[in-house]
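First the structure, in the form of structure tokens, and then the observations on it.
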Amino acid sequence: MGHNYARPATSEQRLARVLSRIPADWAISIERGASSDTWRAITHAPDQTGEWGEATPGPVEALEAAWRLNRGPAA
């Protein structure tokens, strides 16, 4: 019986995927938390103000969270 084992995406692949979804004219900011073990990010369109995403253990997760929060229902 054959099995199909998919390899998990690397951090670089996940970052490339989320960056490809964010429009080029949007602002992106990522910062390390005060405790140095958390990250948070914000993304927003040029004519809007975005909200900071939740604190996460890594910068890629922070950017994904911010994109989900600020992309709106159509994206």
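Computed from a prediction, not measured in an experiment: that's the story for all the values here.
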Item checked: Residues forming a side-chain hydrogen bond (donor to acceptor under 3.5 Å, both in side chains) with Glu54, sequence neighbours excluded -> none

Next item on the list: Mind checking salt bridge (Lys or Arg N to Asp or Glu O under 4.0 Å) for Glu51 and listing every partner two or more places apart, or none if nothing turns up?
Entry: none

Check: For Asp37, which residues count as a side-chain hydrogen bond (donor to acceptor under 3.5 Å, both in side chains) partner, sequence neighbours excluded?
Finding: Ser35

Note to self: I need the minimum non-hydrogen distance between Ala62 and Ala41, along with the two atoms involved.
What the structure shows: O-CB, 3.5 Å

Checklist line | Rounded distance (nearest 0.5 Å) linking atom OG1 of Thr38 with atom CZ of Arg32 | finding: 9.5 Å

Notebook entry, point to check: Does Trp52 sit in a hydrophobic cluster with other residues, and if so which ones, taking ILVMFWY side chains as linked at heavy-atom separations under 4.5 Å, directly or through other members?
Noted result: Ile42

Item checked: Heavy-atom closest contact (Ile30 atom, Pro59 atom, distance) -> CG2-CB, 4.1 Å

Checklist line | Residue pairs, two or more places apart or on separate chains, that pass ring pair (Phe, Tyr, Trp, His ring centres under 6.0 Å) and touch residues 22-49 | finding: Trp26-Trp67

Notebook entry, point to check: If you measure from CD1 on Ile28 to CG on Leu63, what distance do you get to the nearest 0.5 Å?
Noted result: 5.5 Å

Counting only pairs under 3.5 Å, give me each side-chain donor-acceptor contact of residues 8-24, with atom names and distances, residues two or more places apart or in other chains.
residue, atom, partner, partner atom, Å
Thr10, OG1, Glu12, OE1, 3.4
Thr10, OG1, Gln13, N, 3.2
Thr10, OG1, Gln13, OE1, 3.4
Gln13, OE1, Thr10, N, 2.8
Arg14, NH2, Glu64, OE1, 3.1
Arg17, NH2, Glu64, OE2, 2.8
Ser20, OG, Ala16, O, 3.4
Ser20, OG, Arg17, O, 2.7

